[in-house]
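Worksheet: the structure to be examined is printed underneath.
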Protein chains: 2
Amino acid sequence: MGAARTAGATAGRPRLSGSADGSPRQEIIREATALFIAKGYAETTMSEIARSAGLRQSSVYYWFARKEHILQALLEENRGSLQMAQALEPASGPAAARLYSVLHADAVQLCASPLDFYEFERVARSQPQNFGAFFEDYSELHRLAASIIRQGIDSGELRGVDPESAATAALSLNEGLQRHYRQPLPGLRTYTADDISTLSADTTLASLLRTTEALPDVRARAAELTAATGATDS
Amino acid sequence: MGAARTAGATAGRPRLSGSADGSPRQEIIREATALFIAKGYAETTMSEIARSAGLRQSSVYYWFARKEHILQALLEENRGSLQMAQALEPASGPAAARLYSVLHADAVQLCASPLDFYEFERVARSQPQNFGAFFEDYSELHRLAASIIRQGIDSGELRGVDPESAATAALSLNEGLQRHYRQPLPGLRTYTADDISTLSADTTLASLLRTTEALPDVRARAAELTAATGATDS
DNA sequence: CGCTGTTTCGATAAGCTATAGAAAGTCTCG
DNA sequence: CGAGACTTTCTATAGCTTATCGAAACAGCG
């Protein structure tokens, strides 16, 4: 029941394979991330993570009592998708460009994340008590997107659709498309992360704009917003 | 190396728990399907399937040498998504309505399928040699959708987008949305299969149509096509 | 030098997929 | 009607996984 488990460099029984460079916890997360990227979460075993980090299989459980806790720690380091939405939802200016920015940023993050969105979701669903933050983040992003869409409808920029359904469709498109970036299906073209993000935001905005002639303008204004918001926060 | 393994009613060692009703193979598929629907593929064990079908765990391996083979058999019984696309791609008439029909039918099938699309894909990817049909079907559906989109662009109904990317986005939206039907995220609204299918087809067509005012008309014509094509084939 | 706290190890339980070989029937043919 | 072949199910077990338990090996401190 020790409360340490944070830095830990010299204390404790020495490892069979030399000693650790830095914090074992961070080292495990780093090695696990690399393996998750290469093979996916389900296909990566605790033995492999242990071997990469230089310990025995059971020793990993001293730092993470369950395999999902590694994923959870990894998730907490990868925040920041919401920031753009939280910054832009209450902002002034055309709603269409703000929505484009939010959707594009979300797609970029989904593609850059070490883990497939659906793999995250699968684990989160099996351990709802530990992954409450995941679901809260998601529903807040959904709420913010719906709010921006509602603003756009009120201002006349966007068609009179149901904002909630439209937000669901927009996020679903991001999630569905990130898959084609991560795991290109045989026989189909491959896409870069930027291809995917632009395709997704373009498609959603084209489906919502009253006239698609406004799309190039929206895209240009969104690029400005992204640059401005990304610069101030990071 | 017996070549039987098809009907098999009375031969062989009797089961501990009474005898089978019909073909053991079919019975296993049926029970497994119910379990897959209830718990998903990965969370269903061979022991559970065996118990439901009235045999011991290892006896299932007489009929299916690997767990994935049950899924494969299940997939082969669930064909028929392509039929609409194959019927409508070479058809005459407005491309927009044909595309709407195809996308709507695909979404309905994804929602009605016993297994989540992504779970199928995950298993198919791990056994590419056994699931070649899955990838072939997918890329043919993609090809047909892109072709219809191209026809729509040529005829002036649709905007001048890249047909391949647009088809990828359209199918991705279907796949992403079916997830929200199967596994509603906590805190978000739930949708019926028809909500999802209409939302998906509406969104894609709205993003592609030159003017969204044509959408109600496209939807109406698509309903006619769906009724006609579905009736002749089934 | 012994005591306490920290970290790692080895051994092992329980559950999973899959295999091997014996067992228990039916079927066929002389 | 009886011997052998064939079909189907069984028991037992190997090898993998996640996770737990208690002992072992070190540092620091009085």
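A, B, ... follow the sequence lines: proteins, then strands. Residue 1 opens every chain.
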Would you indicate, yes or no, if [N] has its OP1 or OP2 atom less than 4.0 angstrom from a side-chain nitrogen or oxygen of [X]?
X: Tyr62(A); N: dT7(C); result: yes
X: Arg56(B); N: dT11(D); result: yes
X: Ser59(B); N: dT8(D); result: no

Ignoring hydrogens and geometry beyond distance, is a side-chain donor-acceptor pair present between [X] and [Y] at under 3.5 Å?
X: Thr226(B); Y: His104(B); value: no
X: Arg30(A); Y: Gln26(A); value: no
X: Arg56(A); Y: Ser47(A); value: no
X: Asp194(A); Y: Ser197(A); value: no

I'd like to know if Glu43(B) and Arg122(A) make a salt bridge, using a cut-off of under 4.0 Å between side-chain N and carboxylate O. yes

Salt-bridged, Glu48(B) to Lys39(B), with N to O below 4.0 Å? yes

For residues 29-53 of chain A, which residues have at least one heavy atom under 4.0 Å from DNA chain D? Thr44(A), Thr45(A), Met46(A)

Glu68(B) CD to dT17(C) P: how many Å, rounded? 10 Å

In this structure, how many angstroms lie between the C1' atom of dA24(D) and the CZ atom of Arg15(A), rounded? 16 Å

Could you check whether any side-chain heavy atom of Ile70(B) comes within less than 4.5 Å of a side-chain heavy atom of Ile28(B), counting everything from C-beta outward? yes

Going by the angle between their ring planes, with limits at 30° and 60°, are Phe120(A) and Phe134(A) parallel, tilted or perpendicular? parallel

Base contacts versus sugar-phosphate-only contacts with protein, heavy atoms under 4.0 Å: please encode nucleotides 19-30 of chain C as B, S and - from 5' to 3'. B---BBBSS---

